[in-house]
Amino acid sequence: MNINAAIALHQSGRIAEAKTAYETVLAQTPADANAWHRLGIVHLQLGKPLDALSCIEKALAIDPDRAEAHFDLATVLAMLNRRDEA
């Protein structure tokens, strides 16, 4: 499994399969900020904001310049009523 295949699953709405695919990518390449970020989005779509927060924070630890991850981090923090941090 590669990141492009995982993204294709995600974009086609196959959320559960995309989650597994991103996890497979991360098992092979744990420093893939893109996969961590996208896994965070999947968790958000599955209604798991704490898991989403963890993944997005990992993505930003790897790539702090990832603008879209900062936006999504703020979104998750606001959902968790942590607006001051957002």
Side-chain angles (χ1 to χ4, degrees):
M1 181 62 59
N2 65 47
I3 189 68
N4 292 328
I7 291 168
L9 288 168
H10 195 178
Q11 290 176 336
S12 69
R14 296 161 65 183
I15 304 302
E17 291 174 75
K19 178 182 178 290
T20 300
Y22 290 132
E23 290 168 342
T24 299
V25 169
L26 288 166
Q28 298 165 355
T29 314
D32 188 327
N34 190 22
W36 279 115
H37 179 207
R38 290 175 181 275
L39 181 59
I41 299 304
V42 165
H43 282 299
L44 196 56
Q45 291 172 317
L46 293 172
K48 298 178 179 181
L50 290 175
D51 291 336
L53 177 63
S54 175
C55 291
I56 294 169
E57 287 176 334
K58 287 176 184 173
L60 288 169
I62 295 164
D63 182 3
D65 295 329
R66 196 171 178 79
E68 63 275 13
H70 282 283
F71 176 84
D72 292 329
L73 176 64
T75 300
V76 173
L77 288 169
M79 289 177 67
L80 294 169
N81 293 317
R82 294 168 58 180
R83 289 177 173 76
D84 289 343
E85 296 171 73

(message) Who clusters with Ile41? Use side-chain heavy atoms, under 4.5 angstrom, across I, L, V, M, F, W and Y, and order the result by chain and number.
(response)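 Traced through the cluster, Ile41 reaches no other member.
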(request) Answer yes or no: is there an ion pair linking Arg83 with Glu85, defined by an N-O contact shorter than 4.0 Å? (result)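 A salt bridge is absent here (no side-chain N lies under 4.0 Å from a carboxylate O).
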Roughly how far, to the nearest 0.5 Å, is [atom2] of [Y] from [atom1] of [X]?
{"X": "Asp72", "Y": "Leu53", "atom1": "CG", "atom2": "CG", "value": "11.5 Å"}
{"X": "His70", "Y": "Leu60", "atom1": "NE2", "atom2": "CG", "value": "4.5 Å"}
{"X": "Arg38", "Y": "Gln11", "atom1": "CZ", "atom2": "CD", "value": "6.5 Å"}
{"X": "Ile56", "Y": "Leu44", "atom1": "CD1", "atom2": "CG", "value": "6.5 Å"}
{"X": "Asp32", "Y": "Tyr22", "atom1": "CG", "atom2": "OH", "value": "10.0 Å"}
{"X": "Asn34", "Y": "Asn4", "atom1": "CG", "atom2": "CG", "value": "9.0 Å"}

(message) Checking His43 now: which residues fulfil ring pair (Phe, Tyr, Trp, His ring centres under 6.0 Å) with it, not counting sequence neighbours?
(response)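 With neighbours one apart ignored, the set is empty.
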Hydrophobic cluster identity match, [X] and [Y], side-chain contacts under 4.5 Å:
{"X": "Leu46", "Y": "Ile7", "result": "yes"}
{"X": "Leu73", "Y": "Ile62", "result": "no"}
{"X": "Leu50", "Y": "Leu26", "result": "no"}

If every non-hydrogen atom of [X] is compared with every non-hydrogen atom of [Y], which pair is closest and at what distance?
{"X": "Trp36", "Y": "Cys55", "value": "O-CB, 3.3 Å"}
{"X": "Ala52", "Y": "Gly40", "value": "CB-O, 3.2 Å"}
{"X": "Ala33", "Y": "Ala59", "value": "O-CB, 3.4 Å"}
{"X": "Lys19", "Y": "Val42", "value": "CB-CG1, 3.6 Å"}
{"X": "Val76", "Y": "Pro49", "value": "CG1-O, 3.4 Å"}

(message) Just by distance, no angles: are the side chains of His10 and Glu17 close enough, under 3.5 Å, to form a donor-acceptor pair?
(response)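 The criterion, which ignores hydrogens and geometry beyond distance, is not satisfied for Glu17 and His10.
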